[in-house]
Amino acid sequence: MSLEFTVEGKNFLAAGEASSRLKHTLQHIGFPAPLIRRVAVAAYEAEMNMIIHADRGALKAEITPKTVTIWAEDEGPGIPNIELAMQEGYSTAPDYIREMGFGAGMGLPNIKKCTDIFEINTTIGVGTKLKMVIFNKQDPGSL
Amino acid sequence: MEKGVYSIFLDEERCTGCTNCIKRCPTEAIRVRDGKAKIFADRCIDCGECVRICPNHAPIPQSDAREKTGQFRHTIALPDPALFGQFKTKPSPRQILAAVAALGFDSVYEVAWAADAVSIAIREFIQEHKGEGPWISSSCPVAIRLVQVRFPSLTEQILPLLSPVEVAAKLAKEEFSRQLGIPPQEFGCFYLTPCPAQVTAIRSPYHLEHSYVDGALAISGLYCELREKISRTPEQNEPVKATAPGLTWGRVGGQTRAVQSENYLAIDGINNLLQVFEEIELGKFNTNIDFLECQCCQGGCVGGTFTVENPFVARVTLRRMASQLRPKLELEEEQEVLEYYRKGYYRAEKDVEPYSIMCLDKDIAKAIYMVEQSEKILKQLPGLDCGSCGCPTCRTLAEDIVCGIATETDCVFKLRERVQSLAEQMLALALKVPPVTVVQRQIMKTQREVLELAKRLPPVLAKPNQEKEGK
């Protein structure tokens with residue numbers, strides 16, 4: 001099944017709603033708790049990235065018994081240096097965002113840790129597309 | 001914890017089917033069917049929210065019968081710290097303990113003292129596992145069950161340490177057994193509890209195979225008698241064993257104070273717990289919080305459904321009473337507790353297991369299909385979460401329909417739509433006049449009026465239906 005949520009840039013009131021909804025759906029399906037945690041953290045980091053940096057975006061998910069695939073696609077500034085952005089602690093978030101407790105430079109590294117496949121496509125001034133795949137390792141069919 | 005063990009029962013005679021409870025339940029465990037609330041046993045976590053909201057007092061929290069104490073050779077009362085907040089007039093902590101004994105117990109053992117010991121154990125454990133937090137306190141059984149059923153991935157962050165009441169019972173049986181030469185199994189430990197979830201936690205413990213506690217008696221059930229006993233107990237000013245921080249475990253913030261945690265959150269109220277757990281599961285607080293004091297009831301255990309005093313008053317009373325106690329343990333006592341800790345005395349015997357009550361089917365492929373169907377059904381429902389169908393939200397109705405325990409026409413708005421379309425069909429038929437008859441204008445007018453009425457929509461959802469008609 002597929003799900004799609006829109007994400008509004010700079011709207012911190014709705015922060016985490018899309019990932020929360022995705023997480024609840026996975027719980028209703030009955031995926032194992034560790035997988036749900038990985039999806040939740042990856043989706044949340046991606047959602048927060050869009051809220052912090054982008055103008056608008058969408059969080060999409062495709063759910064099968066063996067895999068959960070998430071796409072986070074936004075219209076925004078893009079990532080100038082992916083290698084730097086993938087380093088723990090590197091962040092381009094402005095001070096006011098850091099004061100809110102975000103922008104610790106852990107977003108993308110965290111996503112990488114939580115996912116089995118992680119792809120970034122970014123175009124400066126246009127936007128960024130993330131693809132995240134998480135395998136359900138407890139499903140006997142996926143081994 | 002065993003599934004389906006819970007301590008809140010519904011008095012069907014009092015229940016009017018008013019739907020107040022279904023909306024308040026944090027695990028969506030209640031439905032109204034045939035005009036009466038029904039609690040799904042495997043979903044109930046004993047939080048007591050329905051007990052608080054019900055205008056008819058139909059949900060009744062249960063505790064053990066007093067007669068159960070008769071089964072034991074030597075009975076020990078374990079008064080919860082929250083008990084001390086229930087008496088704002090005069091009595092000293094020692095006087096309250098004496099009155100508890102006067103209820104007919106052979107001995108009294110202070111749960112507040114066990115709380116002192118558990119606080120040190122928690123402090124040590126957190127220091128040893130720095131950076132692995134946040135650790136969720138394991139004394140509130142509702143918080144534990146909330147994690148099990150709604151935040152299963154957080155179960156491994158529950159502190160693997162026994163709750164003060166279990167430690168109190170364990171210590172009490174050992175100490176009195178040594179003193180009196182009676183075998184531990186002949187002691188009956190009875191917890192004077194502020195909360196029905198503790199009753200369940202004793203019947204079906206989450207950290208132990210078998211509880212050390214033998215029964216739980218509601219504070220509210222003993223309140224009148226206890227007041228009377230207090231009034232007959234002479235003033236007693238000798239100190240009690242517990243310290244001030246141990247006694248304040250009964251109110252929110254007390255655990256944190258006793259544990260002396262620097263990076264902590266003290267959360268009370270089930271909705272606040274839901275919000276914080278949600279954020280933790282998304283990875284929000286992981287790096288900088290060591291300890292989460294979780295209290296399901298507003299104000300902490302003084303707000304439990306088995307308490308009598310207003311929780312805000314009880315908080316103040318408890319603080320005042322604590323100020324009469326010594327501020328901390330002696331160094332030797334602390335050393336002894338640490339020794340016990342190193343021997344694993346306070347350690348849980350088993351891990352808290354997650355159990356999923358939210359999933360629609362065991363077969364993942366089937367569950368995905370069912371969730372997909374329920375999303376489709378949800379889009380057709382009015383989205384008012386009015387509760388008239390007996391489900392707390394439109395989403396739960398959609399899920400219940402997919403699970404086969406409800407039908408779409410349980411929704412009054414869907415039912416009205418159906419009635420409307422049936423009425424239209426009937427009118428269309430009725431308007432067909434037999435060719436041999438002359439049309440009577442009055443009848444035609446009435447029929448049109450009826451049709452108009454059938455078309456009229458509830459004021460709360462005029463638009464979506466008009467759009468549907470336009471298609």
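All heavy atoms count here, side chains included; hydrogens, waters and symmetry mates do not. Here is how names work: the chains are called A, B, and so on, in the same order as the sequence lines, proteins then strands, and each is numbered from 1.
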So, the part of B:Glu156 with a heavy atom under 4.5 Å from chain A: the answer is neither

Is atom NZ of A:Lys112 surrounded by more than 12 heavy atoms (other residues, nucleotides or ligands) closer than 6.0 Å? no

Looking only at heavy atoms, the pair that brings B:Glu278 and A:Ser20 closest together is OE2-OG, 2.5 Å

Is A:His24 close to B:Arg150 at the side-chain level, that is, under 4.5 Å between some pair of heavy atoms?
yes

Carboxylate-amine/guanidinium contact A:Arg37 B:Glu281, below 4.0 Å:
no

Honestly, the part of A:Ile36 sitting under 4.5 Å from a heavy atom of chain B is neither

What one should report as the nearest heavy-atom pair of B:Leu282 and A:Tyr44 is O-CD2, 3.3 Å

Start with the C-alpha gap between A:His28 and B:Met370, add the side-chain angles, then the distance that decides, and say whether side chain to side chain contact (heavy atoms under 4.5 Å, CB included) holds.
CA-CA 9 Å; A:His28 276 110; B:Met370 286 168 86; over 6 Å; no

Check whether more than 12 heavy atoms from other residues, nucleotides or ligands sit under 6.0 Å from atom NZ of A:Lys10, and answer yes or no.
yes

Between A:Ile29 and B:Ala367 the two heavy atoms that sit nearest each other are O-CB, 3.2 Å

Q: Inspect the surroundings of OH in B:Tyr264 and state if more than 12 heavy atoms from other residues, nucleotides or ligands are less than 6.0 Å away.
A: no

In short, A:Gln27 meets B:Pro152 closest at the heavy-atom pair NE2-CD, 3.6 Å

**Request:** Using a cut-off of 6.0 Å, state whether more than 12 heavy atoms not belonging to A:Lys129 lie near its atom NZ.
**Result:** no

OG of B:Ser153 to CZ of A:Arg38, rounded to nearest 0.5 Å, is 12.0 Å

| message | If you count every heavy atom of other residues, nucleotides or ligands that lies below 6.0 Å from B:Glu262 atom CD, does the total exceed 12? | response | no

Is the count of non-hydrogen atoms from other residues, nucleotides or ligands lying under 6.0 Å from B:Tyr369 atom OH greater than 12? no

Residues A:Asn136 and B:Ile364: closest non-hydrogen pair is ND2-CD1, 3.6 Å

